[in-house]
Number of protein chains: 2
Amino acid sequence: MTSVRLDGIGELVTNDPRAGIGSLGVVLDASLVVADGAVVYAGPQRTAPAADRLVDVGGRAVLPGFVDSHAHLVFAGDRAVEFAARMAGRRYETGGIGTTVAATRAAPDELLRANLARLVAEALRQGTTTIECKSGYGLTVADEERSLRIARELTPETTFLGAHVVPPGTDPDSYVDVVCGPMLRACAPHARWADVFCDDGAFDADRTRVILAAAAGAGLGLRLHANQLGPGPGVQLAVEHGAASADHCTYLSDADVDALAASGTVATLLPGAEFATRSPYPDARRLVDAGATIALATDCNPGSSFTTSMALCIALAVREMGLTPAEAVWAATAGGARALRRDDIGRLREGTRADFVVLDAPTHMYLAYRPGVPQVAEVWHGGRRVVPHWSGAAPVR
Amino acid sequence: MTSVRLDGIGELVTNDPRAGIGSLGVVLDASLVVADGAVVYAGPQRTAPAADRLVDVGGRAVLPGFVDSHAHLVFAGDRAVEFAARMAGRRYETGGIGTTVAATRAAPDELLRANLARLVAEALRQGTTTIECKSGYGLTVADEERSLRIARELTPETTFLGAHVVPPGTDPDSYVDVVCGPMLRACAPHARWADVFCDDGAFDADRTRVILAAAAGAGLGLRLHANQLGPGPGVQLAVEHGAASADHCTYLSDADVDALAASGTVATLLPGAEFATRSPYPDARRLVDAGATIALATDCNPGSSFTTSMALCIALAVREMGLTPAEAVWAATAGGARALRRDDIGRLREGTRADFVVLDAPTHMYLAYRPGVPQVAEVWHGGRRVVPHWSGAAPVR
């Protein structure tokens with residue numbers, strides 16, 4: 001297969017501290033060589049090997065593709081009116097997640113597939129080369145199964161979230177029996193992960209334990225919605241069960257922070273949700289200072305965070321959550337990969353997937369420094385340029 | 001000239017309350033007909049006149065192009081490192097506006113022109129069809145003159161801001177004499193407006209009055225940087241002098257709000273600056289409720305708000321400043337036009353310029369509902385489609 005060498009990389013973010021400066025492993029005046037969908041070389045241009053084809057990126061920054069490790073993308077309908085009412089300080093009584101569940105159940109497969117494909121393509125255009133996708137708007141055996149079956153067509157990172165909410169009018173314990181029994185059996189073949197929404201109004205500690213144990217028994221990796229709406233047992237349960245990630249982490253005790261720091265469980269922070277619900281942001285600084293590993297993800301869903309923009313999440317993490325631009329970029333790439341227990345993405349070094357973005361900017365700092373501006377010029381996915389350069393103009397100097 | 005009719009507009013925002021629903025004058029199932037660079041018809045599809053060419057926009061929303069009425073785009077260099085230091089809570093002693101002034105003075109015309117063209121194109125791709133551009137990084141007669149001369153090549157909305165700061169080592173009164181004398185004479189031919197940064201550390205009330213009077217005498221319209229860093233006389237001076245706009249308006253007394261509400265002076269709010277400096281946001285709700293006219297603009301500049309995204313400003317105005325999505329969209333279109341005293345832009349009705357955007361979304365609400373996502377599918381400027389559709393996928397349903 002043809003090898004390609006990108007020269008003229010002003011700043012290459014490798015996320016390999018041995019390869020360059022700081023935790024991002026930054027190499028200046030760098031080259032990246034890719035072949036057969038993988039990285040062959042990531043380092044200084046002066047020592048780069050030859051390749052069949054040369055591309056000059058004109059001093060731009062190159063970084064690993066974003067890894068969005070938390071998204072809910074199989075659904076129908078929107079909730080724009082509910083959003084506007086919430087922003088105006090009004091309660092929106094006839095709405096919430098039930099709206100999306102009803103629309104999703106009523107939708108033909110083709111509509112769910114088209115909506116999902118659109119969001120995955122939209123994310124890819126913005127530099128997201130890996131995206132996790134949860135079920136959770138079906139809440140019946142058949143609707144959860146088809147959600148995951150469709151999701152699996154577009155991403156390998158699928159998560160069974162039958163335990164999103166207890167469907168109205170259903171006894172919680174009976175629903176947990178369904179989730180752990182026929183629903184899990186139907187869904188497990190299409191899922192890599194299982195997730196539970198452990199919070200007031202969703203699943204309590206005992207029910208969460210039961211579901212996590214059943215999912216682990218079915219061979220699924222674990223992740224958890226934890227401590228989003230208030231303090232609770234979610235983070236401790238995630239750590240106890242060896243979950244790959246505890247997600248949201250808005251309300252943490254010192255013991256929660258310590259447990260995350262001492263564990264292999266990533267704290268996945270989702271600032272799009274706080275933005276769209278006008279909630280307090282999680283304290284990323286506290287987690288990083290304690291030694292916890294963090295990821296940033298979009299939580300893309302029609303109710304509480306309808307964004308696919310990892311760049312916005314980075315800007316919000318810097319503005320609102322105390323991260324440096326470098327820490328935020330790491331969390332949105334290598335952190336997401338850790339949250340999905342993947343070694344082949346989130347970094348650029350020999351052997352990793354050739355998933356990367358070329359920014360219309362000289363450094364990774366611009367993602368926070370220029371909020372809202374589409375700065376992803378090119379996206380390469382598995383060594384192929386899937387989103388071509390859309391500007392052509394030289395960066396501001 | 002060929003006329004073009006856009007059919008299948010799911011929601012047409014006209015900003016003409018007589019034409020449709022609410023202050024946005026929304027027409028559902030609409031058509032827009034353009035010819036000779038102007039709007040010929042904006043209304044229901046069933047009564048639309050015939051045209052030479054038909055375009056179907058597939059149920060998408062169409063709204064007037066954004067009017068960004070406050071930007072500083074003629075400069076060289078960036079201040080990303082200063083930004084990162086500020087976000088980390090560190091003072092960055094050797095920096096500030098002086099960095100940009102030095103880089104701008106040292107830059108050849110071609111570099112200033114290339115940087116400006118890049119930012120104007122970047123803004124246009126995001127739906128900004130009119131953009132104001134200030135000088136203010138030259139601060140000598142020659143450098144201010146060339147800044148405006150270059151700006152005028154790319155936008156008619158040029159603003160002389162020699163009174164941005166007093167250059168270090170210069171006596172303030174002597175500098176005001178230069179601004180009002182040779183600098184104004186050199187710059188006025190290239191400028192439509194004059195602006196003064198009236199705040200602590202910049203120009204006080206007396207000096208602001210002198211500069212405004214001189215600029216008015218030279219035939220320039222007036223606008224003012226007012227009440228950004230603290231309470232002060234800026235808003236009152238803007239209203240007294242009949243300025244088109246008082247910009248920032250972060251720290252307002254009740255008397256300031258009343259003065260704005262009783263005047264023809266628009267309050268231009270710049271949430272990108274508060275975002276990038278971690279400052280309190282202005283209270284847009286209070287201004288609207290008092291009856292003041294507001295505009296939203298980017299304040300794009302390399303120091304305190306390096307964004308060209310009007311969509312981000314809309315999302316921030318809804319999240320942080322108490323506006324509804326409709327109010328924010330109005331402020332970013334019709335409000336900006338008022339702040340520039342323009343009748344031919346910011347609305348879509350017979351006779352206005354055919355400057356509009358097609359959103360990859362069914363309603364204007366999506367600009368706040370989907371923060372950070374590039375949703376401007378097409379941009380039409382003077383009746384020509386200058387930015388083609390970049391997705392092609394149907395909106396999520």
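Note on naming: letters A, B, ... go to the chains in the order of the sequence lines (proteins, then strands), and numbering restarts at 1 for each one. It should be emphasised that the depicted structure is a prediction, and the values quoted were computed from it without experimental measurement.
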### Query
Got B:L367 and B:L63 here, is their nearest side-chain heavy-atom distance under 4.5 Å?
yes
#### Entry: Segment of A:A80 engaging chain B (4.5 angstrom heavy-atom cut-off)
both
### Query
Between B:H72 and B:Y137, how do the two ring planes meet: parallel, tilted or perpendicular, split at 30° and 60°?
tilted
### Summary
Honestly, the part of B:A326 sitting under 4.5 Å from a heavy atom of chain A is neither
### Query
Which atoms of A:P371 come close to chain B, meaning under 4.5 Å heavy atom to heavy atom: side chain ones, backbone ones, both, or neither?
both
#### Entry: Contact class of A:A368 relative to chain B, heavy atoms under 4.5 angstrom
both
### Query
Looking only at atom types and distance, does a side-chain atom of A:Q375 sit under 3.5 Å from a main-chain N or O of A:Y366, one as donor and one as acceptor?
yes
### Query
Rounded to the nearest 0.5 Å, how far does CZ of B:R90 lie from CD of B:E82?
12.0 Å
### Task
Give the ring-plane orientation class for B:Y369 versus A:F306, where under 30° counts as parallel, over 60° as perpendicular and anything between as tilted.
perpendicular
#### Entry: Residue part contacting chain B, namely of A:A123, when any heavy atom lies under 4.5 Å
neither
### Task
Against chain A, work out which of B:T298, B:T324, B:V318, B:T363 has the most heavy-atom pairs shorter than 4.5 Å and name it.
B:V318
